[in-house]
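Here's the structure we're looking at; comments come further down.
Excluded from the calculations below are hydrogen atoms, water molecules and symmetry mates; all remaining heavy atoms, backbone and side chain alike, are included. Just so we're clear, the structure is a prediction, and the values are computed from it rather than from any experiment.
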Amino acid sequence: MTAAETLPNLPDISEASSHEEHEEGPRMRKLRAGFDAALGNCLKSCNYRRIADAFPRLAEEHADDLRSAHEQLVAFIRQSMKEEFDCINSERNVATKLNELDRIQAEATERQLREHDTNNQQSKGQGRAQKRTASGTEKSGSNTECAHFRVSPEEAVRAHVVLAKREEAERLRARIAEAQSANDELYTKLLQSREEVSSLQQEIKTTLGELLPPREMIRELHATVKPPS
């Protein structure tokens, strides 16, 4: 007998870890149950009575074949829809994200319970201290109530995505700054173009003034030239 034969059958660690990664949490199970219920309601409308009404001759002459075809059609639709549902969940990693949401909520709930137990213990200690120093315990109790802080699951989820939102806000601010800088550059170029156009107009006026004779000379020329009689 070899050593390999004497060893016990050990579970595959990779298969176990893969099963844990793909294990569906409460939210994913509810999502799948909702999908199954919706699919069942949709397939109820595709019953045999409607098929028989659509094909009355086949229902009369070949009822068994038509019923078998109807069952195969319903089974095909059900299987296709489930495969499409699983494919979408796999592509978008829905189960992992929902499991992460379940984990965040569970941690928030556990932290809330721990804080509640801690506050209860502090309240009991303060109650015993009140018998000794009534004035001091009133301040301490009020401070403890102010220090009591509970985080709801919704707040925990929002806090989990604060970093991503902050990074997105920084990215948007950078894009706004780039757009503002581009606008300032274009405005500067526009002012320069206006100045160049104004200078060019002035040069044209000056050149025309140099090329054309003065207006007094033109008037004298018109006055000396007599029209033919």
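Side-chain contact between Leu39 and Lys82: present, with at least one pair of heavy atoms (C-beta onward) separated by less than 4.5 Å. Residues Ile51 and Leu66 have side chains in contact (heavy-atom distance under 4.5 Å, counting atoms from C-beta outward).
Within the structure, side-chain hydrogen bond (donor to acceptor under 3.5 Å, both in side chains) pairs that include any residue of residues 25-46 comprise Glu24-Arg32, Arg27-Asp102, Arg27-Gln105, Arg32-Asp86 (at least two apart or interchain). Sequence neighbours left out, the pairs with a member in residues 183-196 that pass side-chain hydrogen bond (donor to acceptor under 3.5 Å, both in side chains) are Gln180-Asp184.
The distance from the OG atom of Ser68 to the OH atom of Tyr48 is 10.5 Å, given to the nearest 0.5 Å. Going from atom CZ of Arg111 over to atom OG1 of Thr109 covers 9.0 Å, rounded to the nearest 0.5 Å. Atom CG of Leu31 and atom CG of Asn89 lie 6.0 Å apart (nearest 0.5 Å).
Under a 4.0 Å N-O distance rule, the pair Arg103/Glu100 qualifies as a salt bridge. Ion pair Glu170/Arg173 flagged as a salt bridge, since at least one NZ, NE, NH1 or NH2 atom sits closer than 4.0 Å to an Asp/Glu carboxylate oxygen. Salt bridge annotation for Glu110-Arg114: present, with a cationic side-chain nitrogen under 4.0 angstrom from a carboxylate oxygen.
A donor-acceptor contact closer than 3.5 angstrom links the side chains of Thr96 and Asn93.
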| request: Give the C-alpha distance, both sets of side-chain angles, the deciding distance and a yes or no for salt bridge (charged side-chain N to carboxylate O under 4.0 Å, His left out) between Arg57 and Glu60. | output: CA-CA 5 Å; Arg57 185 171 180 180; Glu60 183 179 354; over 6 Å; no
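Side-chain atoms of Ser181 do not come within 3.5 Å of backbone N or O of Ala177 as any donor-acceptor pair. Between the side chain of His70 and the backbone N or O of Arg49 there is no donor-acceptor pair closer than 3.5 Å.
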